Each structure stands twice: as C-alpha cells, then as structure tokens.
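The shown structure was predicted, so the numbers you read here are calculated from the model rather than taken from an experiment.
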Amino acid sequence: MIKIEVNNKTTEAKPGEYLLTTLKRLNIKIPTFCHIEGLNPSGACRMCSVEVEGIPGTVPACAFPVYDGMKVQTHTAKVVNARKTILELLLSNHPDDCLYCVRNGNCELQTLAMELGVSERRFYGEKNNHKLDTGSPAIVRDPAKCILCGKCVRVCEEIQSVSAIEIIGRGSRAYVGTAFDEGLNISSCINCGQCINVCPTAALTEQSYIMEVLNAIHNPKKVVVVQHAPSVSVTLGEEFGLKAGTDVNGLMTAAMRKIGFNFVFETSFSADLTIMEEASELAHRIKTGGALPMMTSCSPGWVKFVEQFYPEMIPNLSTCKSPQEMLGAVIKSYFAEKQKISPDDIYSVSIMPCTAKKFEAGRPELSNSGIPDIDAVLTVREFAKLIRMMGIDFKQLEAEFPDNPFGDRSTAGKLFASSGGVMEAALRSAHYFLTGKEMDNYIVNEVRGQDGIKTATVKVAGQELGIAVASGLGNARKVIEMIKSGAMNVHFVEIMSCSGGCINGGGQPLKACTEDIIQRMKLLYKIDKEEQINVSHKNPSIVRLYEEYLGEPLGEKSHHLLHTHYHKRDVMI
Amino acid sequence: MTDLQLNDILGKYAECKREYLIPILQDVQEAQGFISKEAVQIIGKYLNLPSSKIYGVATFYNQFRFNAPGRYIIQVCRGTACHVKGSSNVLDALQRELKIKAGETTRDGLFSLEVVACLGACGLAPVICINGEFHANVDNAKAYQLIKKLIKESKVEADNVKS
Ligand code: SF4
Ligand code: SF4
Ligand code: SF4
C-alpha cells in the first residue's frame, strides 16, 4: 500500500491502480460516462477530471495511476467548472427531448446535468440528423442521443467479441454505427443488449412491446398468459428501490394479476422441462456417439453467435428449445387443450432479463403451428414500467402464488438465472437418469461463481464427464477455439451470452455494479439451499406433464414440440 | 472486381498484419474504384478484423468511397483560394444541375460529385477536376457547359457501341 492525500486527508491506495478506483473505494463520487469496470480506461469523456498537485490543468482520474505522496483535489471550483463545461459541450448538439424519452428519470446525462446545475444552453452546436435504427426486433439505436462515450463499442468488442458496432467517421461527424451503415438487424449484432446496459443515455434502448401487451390485456377475446424467467424475481425489486439480492417472486406474481394477466406461469418450470430433455439428450449423445461436446442452446444471443461465427459447430448445439420457447409451446398446445381454448385466442407474454429473447420469439424455426409460441417479450425494465403505468404500489402488494399447470419449479430450474446454473441442474438430473440414484451432494461448486470460464471433471455413473461453463461471448469464443484446437476436451458446455448469466442480462435494471451481480447470484444459491425440491425430475408439474401429455423425454411429442434445428446465417461479420 | 484481383492484392501483403489495412484499402479502391462490402468481408477474414472496424477506419479518411463511382467523377475544390473565388456557387450549380448532393452519384451512373479540401492548383481557382483532368476558372456557366459536353460524349459512345 502507498499513501496518497485526497481532499487534504491522508489515505491508502494500491500501487499501480488508477486513481478513479481509489476514489471509488473511498466513496468519493466522481462522475464518468466512459469508464467500464474491469476494462482498460479510455479517457474519452473527461468527466472524471480532478486536480493533482504539481500537474497543470486537470487529469482524468480513470486513466491516471496513483503514486506515493500524490495530492488530489476532487471537487475544487476549477474541477467542478471543468466538468460542467464538458457536460454543456456534450449537450450542445443533444436533442432537448427528455420529456419524450425512454430514459427520462433514469438517464446518466440528465442526472448529471441536474447535479452540476446546468440551467441554460450556453453552447449551440449543429444538431446532427442521424436516423433512428429501428429494424432490429430487439435493439433500437438513436444516434442523435449518443454522446460518443464509446462504451457500447467496447462492450460489444471486448466483452462480447461481436463487434457489430463501431465509431464511424471522424471529428464532429463521428457516430456509432454498423458496417456500411446497415441496420443492426442485418449486422452481426446478436441482440444481447449489453450495450444498452452501459449506455448513459437513450441512444441505445430495447424495442418496446408494452403497448402491444396492454392492448392484448384489454382485448376481451384474448386469454393473456405471462411467464417470467428465473432471474426476474431476483432483480425486479431493484427497480422499486429494494437492494440487490431481494427475491420478489410473490409480489411480482401479485403485480401480474393486478395488471390483468389471466395466468401467471414460471419459466423456471420450463427450465426444469429443458433439463429433462437436455440431460436425456446428453446421455443419448454419449451412449450413441453423437456430436460432442454438446453445447447448451438456451441463450439466444449465443445461438446466433454460433450460427454466424461458428456454423461448423451447429451440430454441437443441443436441439432443445430454450425454456421460454418450451413453455410457449406447451402453453399453446397442452394448456390450450386442457383449458379448451383455441391457441389463436391465447396471447403469450414473457418477462425476460434479455433483449435477445425478443429476437428468439420471432424465429420461424421455433414456431409449431405457424403462429408464434410467444407473442411479446418484455424486459425486466419494461415490466417495471408497466407496473408503474398501472399505478401499482409494488411494495404494498401481498405475495401470491403462480398458476397451474406450470406453477411449480425446482431450485435447479431457478439456477438457470446464473452462469453455471444450467450445468448444475443438468448434472443433477443426468446423474439420476444414468444411475437411477440422486447425487449425494447436489452442489457443484466448480461451476458456481463469477469466473468467465469454469471447467471441471465430474464422475457420473462411473464415467468421467468433462464440463466447461462460460459466460460473456468473448469467453465463449475462447472456449470454442480451445475445443476446436483440441486444447479442451469436454463432453458438455454451458454458454450464456452475458457475463455472469441472465442475472446480468441486457434487459435487467440499469446501473448494476459487480457487487449487485454477486448479490443476485448469492440469492439464487440461498434459494437452492433453503427449498426442498432441488432437481428438475422431481418437480410435480413436470412429472404430471410427462404423464398426461408428453410421454417421455426425447419422445415423439417432445421431439415435435420441444426440439429444433439451427442453420448457418450469413451476416456481415 | 473479381476475387482473383483481390487475392492478387492480398498476396502483396503476405503477412496478415493489421497495419496493412490502409494500403490494402487503397489498392482495392485503385482497382475497383471504391470499397465494396464484399471486399471488406474478404479483407476482414484475411486480417482477422470485423467489417465494422474496417468501415470505421475507412470512413475516418476522406479518400475512400463506398459506392461504385459514376463514369465521370467531378471533384470540386473547396480550398481557401477556390472558396474566395466562389467555388461554393459552382458546387451549388452542379448539385442543382445533376440533382445530387456532394458524395452522391446520379442514378444513371454517369456522374459522381465530390468535394475535396484542396487540389493544389490555387492559381487556377476556382478549380474542378473531372476524371483527373483539371478545369480552371470555373463559373456556373462553364460548369453547365462541361456537363452538357460530357452527356453528349457519353451518348455518342453509347451509339457507337450499338452500331
Ligand atoms: S437521453 Fe437523457 S438527456 Fe437525452 S433526451 Fe433522453 S433523458 Fe434527456
Ligand atoms: S446488442 Fe450485443 S451484439 Fe448487439 S450491438 Fe449491442 S453489445 Fe453488440
Ligand atoms: S450509444 Fe450510448 S454507449 Fe454508445 S457511445 Fe453513444 S452514448 Fe456511449
């Protein structure tokens, strides 16, 4: 440790770290638009300027390493003025559009303008006339609201290794765009939404379906069902001021009924269903010499990633549909039959942590009868908006339970929300399918936690099973490359597109920090520990569904309803 | 441009190093007159660079074009000397006459209009350059005449091809 002085107080800093990291640890609030935790600093926005004794002018704290004896002032008049001027310059060509903006009330640019006391337009810049890019089913780009912080470009490249977007042009004409200014929908974008999560403004947002859902609810001809993904109850509370790591499953169910959904189902139920099929598929592939390693296919960003970057690996993708699509399929078949309603009269909504699920819902290869199995996908953020729109006082609600026949879940299904969770759930059931016995200890510590790549060897039925888990597509790329080069030899690979899994998905509440993600993850492990049904094959609703309707995993009906195939996709990569 | 031509160009840069991106782009533009999507994808594969990145780099410079240029590329100098001598009027006149903006190509593929910072012929201001040939002291009337002449020329050529 070295000693530095911040605002006249002596304090400690780690040698080599950047000043912004030190200041953050000291709980000194320094504004920044361009900094991304865990990536190299870019110093693009200069918002974190501070004064360092002996250095003329100001320096950007994010890119300035600490040194012994350094003396820093973080909020002198000079510094505050500099920040305010930088902000006013950023606003000089910004559309004055807050009242009509999706980020109104939750915008870093707006908040900082307020905090720094910006009250008049001092600089008039020429407004750019970039067009909205609305072609993608998942992501909307509005480059007019972009402040060129560059975070989206870096996340897309450095974390996701997709590079769908880039800074195009130069100087005052620069903007964030795609190759040859094609729309995002025909670019290599895999719809993960990670760029939205880092964007400080409304330049990147999700394609919203709130009004479609509301219209369906108020259409007397429609039976409107809703499913919510395993991670939603874990994060939704944050939208209503609860701290990260608070489970709001019961309150959320109550809110859904209040909004007017006729049936509330859990996607964790169909996560259990996915495990029944996927664990059986793995056992089958191992027995019959099918394509190995088998790779999970429940993360739609990852599926598109394989289709466009690694089409030769498509046979390795599990043929199982994702939990969202499996539930969609049984809602418009089994449930419709049971309730004696025509599938056409069902409007099926899903609340997801994910923007790519919006893309997935529109994939033709995932529909059974020509009509889509999922009619609208809302992100957690959109769902929170809907709750507010309906005037519901969320925290005052009384907890309620979901509906049958898709209301039960195991904790294994719930674990899908986190990186490693699908693997853990699959191993629990695969063990049972192969040996007829339950695992002595359900917890597979090697696949838990925040690491981007996790590997292990587990023993199932006397056989050594190599497993790998990766989250964040940059890590997924590394794993694929290792598999292709022979450096990694495993049987089963779980990939989630977003770092840490769905709990950090591109549809989650904004402004979550690493600590929040850890709290979300811990909550899942707590649920797994405290509840009684820990394996998918013991979920009573699952057992009933196979008895009454599906027959057996990988059976004919399952094959038709719950499995699919993917194809090579030509995009500009 | 054929894949073969592109392969020839890439062959000149045997090492797949990223610093060759700009020379490769220059060669491609030289050979096909512009940078096509197809070329970018092939270059991207060769240098292991995403298309978006190549487009980002290429758009940083004014020299690269991304659409097939017209039969006649008209470059209007907007340097200081030409500006003083009224080059913005000339540009306006050309845009009106051709019904395109600077940076665009007419629908019939005959003319592309470009603005350049300085052609280095300030003594002849205002200057325009058509397919590499300089035209000095251009005013609106002269610009119209030049265009008329080129349209006629291309018609004669087309007739010759027919007969
Ligand atoms: S992005 Fe933020 S500052 Fe810009 S219009 Fe929207 S709310 Fe206002
Ligand atoms: S959604 Fe994901 S892949 Fe698409 S541009 Fe954003 S970060 Fe890149
Ligand atoms: S789109 Fe958003 S994240 Fe990307 S550069 Fe602009 S402001 Fe930053």
### Pair B:S112, B:T105: side-chain N/O donor-acceptor within cut-off below 3.5 Å
yes
### Query
If you draw a 6.0 Å radius around CG in B:N89, do more than 12 non-hydrogen atoms from other residues or ligands fall strictly inside?
yes
### Task
Could you tell me which non-hydrogen atom of A:S188 sits nearest to which non-hydrogen atom of A:Q308, and how far apart they are?
O-NE2, 2.6 Å
### Test: A:K357 and A:E206 ion pair at under 4.0 Å
no
### Query
Side chain, backbone, both or neither: which part of A:I573 has an atom under 4.5 Å from a heavy atom of chain B?
backbone
### Message
Regarding B:E153 and B:Y72, do their side chains bring together a donor and an acceptor under 3.5 Å, going by distance alone?
### Response
yes
### Task
Examine whether an atom of A:T178 lies under 4.5 Å from a heavy atom of chain B, and if so say whether it belongs to the side chain, the backbone or both; otherwise answer neither.
backbone
### Query
Contact part of B:V57 toward chain A, heavy-atom cut-off under 4.5 Å: side chain, backbone, both or neither?
neither
### Query
What class does the angle between the rings of A:F309 and A:F305 fall in, given that below 30° is parallel, 30 to 60° is tilted and above 60° is perpendicular?
tilted
### Query
According to the interplanar angle, ranging from 0 to 90°, do the rings of A:Y175 and A:H130 count as parallel (below 30°), tilted (30 to 60°) or perpendicular (above 60°)?
tilted
### Message
Is a donor from one side chain sitting under 3.5 angstrom from an acceptor on the other, for A:Y310 and A:E481?
### Response
yes
### Message
Heavy-atom cut-off 4.5 Å, strictly under: side chain, backbone, both or neither for A:A164 against chain B?
### Response
backbone
### Which atoms of A:V571 approach chain B - backbone, side chain, both or neither, heavy atom under 4.5 Å
backbone
### Message
So if I take each residue of residues 136-154 of chain A and look for any heavy atom under 4.5 Å from a heavy atom in chain B, which residues do I end up with?
### Response
none
